[in-house]
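Here is the naming used below: chain letters follow the sequence lines, and residue numbers restart at 1 for every chain. All values below come from the heavy atoms of this structure, side chains included, with hydrogens, waters and symmetry mates left out.
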Amino acid sequence: MSPEETSKPTDFLREIVAEDLKSGRFKSVRTRLPPEPNGYLHIGHVKAFMIDYLVAKENNGELILRFDDTNPAKEETEFVEAIEEDARWLGIEWVKVTFASDYFDELYEWAKKLVLAGKAYVDDQTPEEVTANRGTLTEPGKNSPYRDRDMEENMDLLERMKNGEFPAGSRILRAKIDMAHPNINMRDPAMYRIINEPHHRTGDKWKIYPMYDWSHGQNDSMEGITHSLCSLEYENHRPLYEWFLDQLGVFKPRQIEFARLNMTYTMTSKRKLRRLVEDKIVKGWDDPRMPTLRAMRRRGYTAKAITDFIDRVGVAKNYSVSDVALLESCVRNDLNKNSLRRMAVIKPLKVVIDNYPEGQTEEMDAVNNPEDSNAGTRKVPFSKVIYIEQDDFQEVPQPKYYRLFPGNEVRLRYAYFIKCTHVVKDDKGEIIEVHATYDPSTRGGDSPDGRKVKSTIHWVSAEHAKQAEIRMYDRLFTRENPEEGDEGFLACLNPKSLEVLTGYVEPHLDSPEVGSRFQFERLGYFCVDKDSTPYKPVFNLTVNLKDTWAKVEKKGK
RNA sequence: UGGGGCAUGGUGCAACGGCAGCACACCAGCCUUUGGAGCUGUGGAUCUUGGUUCGAGUCCAGGUGCCCCAGCCA
């Protein structure tokens with residue numbers, strides 16, 4: 001890359017990295033992706049992932065995927081695989097996969113060094129005593145009665161903790177810093193605790209497990225990470241991060257914090273998401289309404305749209321809540337350019353074209369994607385009885401409504417102009433059929449006499465259409481911030497977050513490949529669900545098209 | 001009442017002492033065989049009070065507001 005082509009840093013974080021390179025503090029860049037394998041990746045993780053990945057990539061550096069598996073009670077191999085799969089789907093590349101548990105032996109040696117140096121001690125206080133003696137935000141803590149025991153005893157006790165001689169919770173290894181420190185993280189923080197649980201990688205080898213603060217920075221150092229990028233809540237931990245590294249006198253990476261991603265109408269708390277799954281409010285972790293990557297993928301979101309969204313959100317230290325409308329805009333933007341157009345009717349209304357010959361079928365030419373001339377055309381069958389959208393007909397039209405109504409002429413996309421003549425109702429007064437006549441000279445949708453119609457509507461031929469299940473998704477919550485308020489997120493669940501419809505799709509959607517995406521003209525973007533069968537395809541609404549009429553209608557009310 | 005951090009249109013991000021700009025959203029119009037897309041345009045912001053300076057969103061001082069921290073979670 002020539003200097004002209006080198007794009008300049010676009011945010012504070014990239015500026016810091018660039019300066020570090022320029023000043024020689026670091027000669028190259030290596031970052032790490034530190035997920036805890038205790039859940040599925042969600043949209044909130046993507047921001048951190050992309051920053052770690054891109055900062056390394058933009059500087060010709062390396063990214064290491066390191067699982068933070070320091071708590072055997074919560075972590076599982078299943079999530080390791082799921083996280084790798086999701087991250088790869090996003091397009092993230094790493095030079096190797098490591099685990100915090102890979103470094104348990106070496107980390108233990110480093111802990112002994114601190115004990116030897118009088119910088120760490122074994123504390124026999126109960127968890128309650130530790131808490132009580134930590135002090136408060138405004139009051140200093142009290143030294144543990146075990147704080148000054150001699151180095152030999154500490155070494156002996158630590159070894160025996162490791163060997164499983166003591167019950168869980170009975171002792172911890174603590175750093176010896178300052179119980180009166182104004183930053184509570186510096187008040188002799190725990191380094192190791194005793195946990196009697198098998199670990200997903202090390203089995204029952206270990207009875208003590210390192211805390212995040214003791215593990216993370218040391219692992220960063222061991223791996224030669226130059227920039228350890230994390231969210232704002234770790235800002236208070238940076239002094240401790242640096243303290244450990246300074247005491248050990250080892251390679252010292254730089255921790256930089258940035259604001260995590262929050263999104264309107266979306267909740268990313270793992271605990272609360274689990275609640276949605278366990279209470280069967282959604283159908284699982286990949287329910288298309290969930291903010292998990294597997295769910296978004298199933299819903300039809302593209303990796304490109306998601307990473308574009310993250311790019312547009314930017315990186316800063318402000319607490320922020322991004323508008324889900326921006327995400328939707330990104331996915332529309334991608335799919336508009338890249339998805340094939342098809343016709344589908346999701347709330348069917350039968351239309352009989354009285355002057356069209358009985359039994360006749362014509363093949364109409366339809367453009368596959370007006371945004372992409374390479375996408376070609378297809379033939380769509382047309383016949384006397386068709387389905388149109390219920391929303392595209394009003395017996396008594398509202399002001400500004402210019403779709404089909406008695407006496408009005410509209411264009412059937414790629415077919416003919418039709419004019420509504422009358423309707424047929426059942427005993428209850430419900431419209432069951434709309435009757436119309438067509439103008440044979442308008443084949444293809446052009447009028448030789450230059451006559452204009454105000455509206456073009458989509459349709460499918462009743463005889464040729466394929467039945468399909470259409471799952472119409474809407475946001476899960478009715479409040480911008482679902483976690484706000486006394487009643488919590490359960491009080492603002494959107495009862496209409498899923499509406500299952502049976503509609504008709506054109507024959508070209510007979511047996512579409514699972515995961516393929518289409519624009520159903522005038523409706524939105526849809527993705528073929530894995531629940532599809534050869535008899536009945538299932539489509540998930542990814543996002544609707546912008547609907548100006550819906551806005552007009554809403555305003556009228 | 002401790003420590004750390006952050007304040008720019010509705011939302012998110014820029015402006016690195018020199019005309020406050022971009023995207024999304026919003027509104028109006030043009031165009032349209034998708035009321036989609038596209039195009040054009042309008043409106044709307046520097047938390048506050050002082051100070052430094054020819055000039056402050058930016059630097060300095062005070063105030064205010066919001067976020068994070070008292071797990072043997074990460």
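Residues A:Pro37 and A:Asp69 come closest through the heavy atom pair CG-CB, 4.2 Å. The two residues A:Met161 and A:Lys207 make their nearest non-hydrogen contact at O-CB, 3.8 Å. Between A:Asp188 and A:Tyr121, the shortest heavy-atom contact is OD2-OH, 2.6 Å. Scanning both residues, A:Val122 and A:Asn154, for their nearest heavy atoms gives N-OD1, 2.9 Å.
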- request: Start with the C-alpha gap between A:Asn369 and A:Glu371, add the side-chain angles, then the distance that decides, and say whether side chain to side chain donor-acceptor pair (under 3.5 Å) holds.
  value: CA-CA 5 Å; A:Asn369 184 355; A:Glu371 304 286 323; over 6 Å; no
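Using a 4.0 Å cut-off, no side-chain N or O of A:Asn336 falls inside it from OP1 or OP2 of B:rA37. Not one side-chain nitrogen or oxygen of A:Asn262 sits closer than 4.0 Å to the OP1 or OP2 atom of B:rG12. In terms of phosphate contacts, A:Thr456 brings no side-chain nitrogen or oxygen within less than 4.0 Å of OP1 or OP2 of B:rU32.
In this structure, A:Arg475 satisfies the cation-pi test against A:Tyr265, with its NZ or CZ atom closer than 6.0 Å to the six-membered ring centre and inside 45 degrees of the ring normal.
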Would you give me the side-chain donor-acceptor pairs under 3.5 Å for residues 322-330 of chain A, sequence neighbours excluded?
residue, atom, partner, partner atom, Å
A:Asp323, OD1, A:Ala325, N, 2.9

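Across B:rU42 and B:rC27, the matching C1' atoms stand 7 Å from one another, rounded to whole Å. Using P as the reference atom, B:rG9 and B:rA45 are 9 Å apart when rounded to the nearest Å. With both ends at atom P, the span from B:rG36 to B:rA28 equals 13 Å, rounded to whole Å. As rounded to the nearest Å, B:rU58 and B:rG50 have P atoms that lie 14 Å from one another. One C1' atom belongs to B:rU52, the other to B:rC73, and the distance between them is 48 Å to the nearest Å. Distance noted for atom P between B:rG63 and B:rG4: 15 Å (whole Å). Going from the C1' atom of B:rC24 to that of B:rC31 covers 23 Å, rounded to whole Å. Distance check on atom P: B:rA23 versus B:rA14 gives 16 Å, rounded to whole Å.
Residues passing the side chain to side chain donor-acceptor pair (under 3.5 Å) test with A:Asn262: none are found, sequence neighbours excluded. Not counting sequence neighbours, the partners of A:Tyr212 by the side chain to side chain contact (heavy atoms under 4.5 Å, CB included) test are A:Asp68, A:His216, A:Tyr234. Residues meeting the salt bridge (charged side-chain N to carboxylate O under 4.0 Å, His left out) test with A:Arg201, sequence neighbours left out: A:Asp102. Under the side chain to side chain donor-acceptor pair (under 3.5 Å) criterion, A:His45 pairs with no residue, sequence neighbours left out.
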Within the sub-3.5 Å range, which N or O atoms of nucleotides 15-17 of chain B have a protein N or O partner, and how far apart are they?
residue, atom, partner, partner atom, Å
B:rC16, N3, A:Glu15, OE2, 3.3
B:rC16, N4, A:Glu15, OE2, 2.0

Are there any protein N/O atoms within less than 3.5 Å of an N/O atom in nucleotides 24-30 of chain B, and if so, which ones and at what distance?
residue, atom, partner, partner atom, Å
B:rC26, OP1, A:Lys551, NZ, 3.2

So which protein nitrogen or oxygen atoms get under 3.5 Å of nucleotides 39-47 of chain B's nitrogens or oxygens?
none

field: Secondary structure string for RNA chain B (Watson-Crick or G-U under 3.5 angstrom, | for other-strand pairs)
entry: .((((((..((((....[..))))..((((.......)))).....(((((..]....))))))))))).....
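The distance between atom CG of A:Asn481 and atom P of B:rC66, rounded to the nearest whole Å, is 16 Å. Rounded to a whole Å, the NZ atom of A:Lys452 is 16 Å from the C1' atom of B:rG35. If you measure from atom CG of A:Leu232 to atom P of B:rC66, you get 17 Å, rounded to the nearest angstrom. Spacing between atom CZ of A:Phe258 and atom P of B:rG12 amounts to 17 Å, rounded to whole angstrom units. The separation between A:Lys317 atom NZ and B:rC13 atom P is 13 Å, rounded to whole Å. As rounded to whole Å, 15 Å separates atom C1' of B:rG3 from atom CE of A:Met179. A:Ile457 has its CD1 atom 16 Å from the C1' atom of B:rG36, to the nearest Å. One can place CZ of A:Arg517 at 19 Å from C1' of B:rG36, the figure rounded to the nearest angstrom.
Ring-centre distance between A:Phe520 and A:Phe526: below the 6.0 Å cut-off. Residues A:Phe244 and A:Trp214 bring their aromatic ring centres within 6.0 Å.
Residue whose closest nucleotide on RNA chain B sits further toward the 5' end, between A:Asn369 and A:Asn333: A:Asn369.
When heavy atoms are screened at a 4.0 angstrom cut-off, A:Val321 is found touching the sugar-phosphate backbone but no base atom. Nucleic acid contact class of A:Arg187 (heavy atoms, under 4.0 Å, all strands): none. Residue A:Val453 is classed as having no contact, given no heavy-atom separation below 4.0 Å to the nucleic acid. Residue contacts for A:Phe520: at a heavy-atom cut-off of 4.0 Å it reaches no nucleic acid atom on any strand shown. Backbone-only contact: A:Glu235 has heavy atoms under 4.0 Å from sugar-phosphate atoms and none from a base. At the heavy-atom level, A:Gln519 lies under 4.0 Å from base atoms of the strands shown.
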Per-nucleotide protein contact string for nucleotides 69-74 of chain B, where B marks a base within reach and S marks sugar-phosphate only (heavy atoms under 4.0 Å, - for neither): BBSBSB
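Contacts classified as salt bridge (Lys or Arg N to Asp or Glu O under 4.0 Å) and involving residues 189-198 of chain A (residues at least two apart or in different chains) are not found. Among residues at least two apart or in separate chains, side chain to side chain donor-acceptor pair (under 3.5 Å) pairs with a member in residues 161-172 of chain A are A:Asp124-A:Arg171, A:Arg160-A:Glu165.
Comment: A:Arg147 does not engage A:Asp123 in a salt bridge, judged by the lack of any side-chain N to carboxylate O separation of less than 4.0 angstrom.
Each of A:Trp459, A:Tyr504, A:Phe393 was evaluated against A:Tyr387; a single residue qualifies, A:Tyr504, per the ring-ring contact (aromatic ring centres under 6.0 Å, His included) test.
Side-chain N/O atoms of A:Tyr319 and base N/O atoms of B:rG5 include no donor-acceptor pair closer than 3.5 Å.
Base orientation at B:rG57 is anti, since its O4'-C1' glycosidic dihedral falls outside 90° of 0.
At least one side-chain heavy atom of A:Met364 sits under 4.5 Å from a side-chain heavy atom of A:Tyr416. At least one side-chain heavy atom of A:Val55 sits under 4.5 Å from a side-chain heavy atom of A:Leu13.
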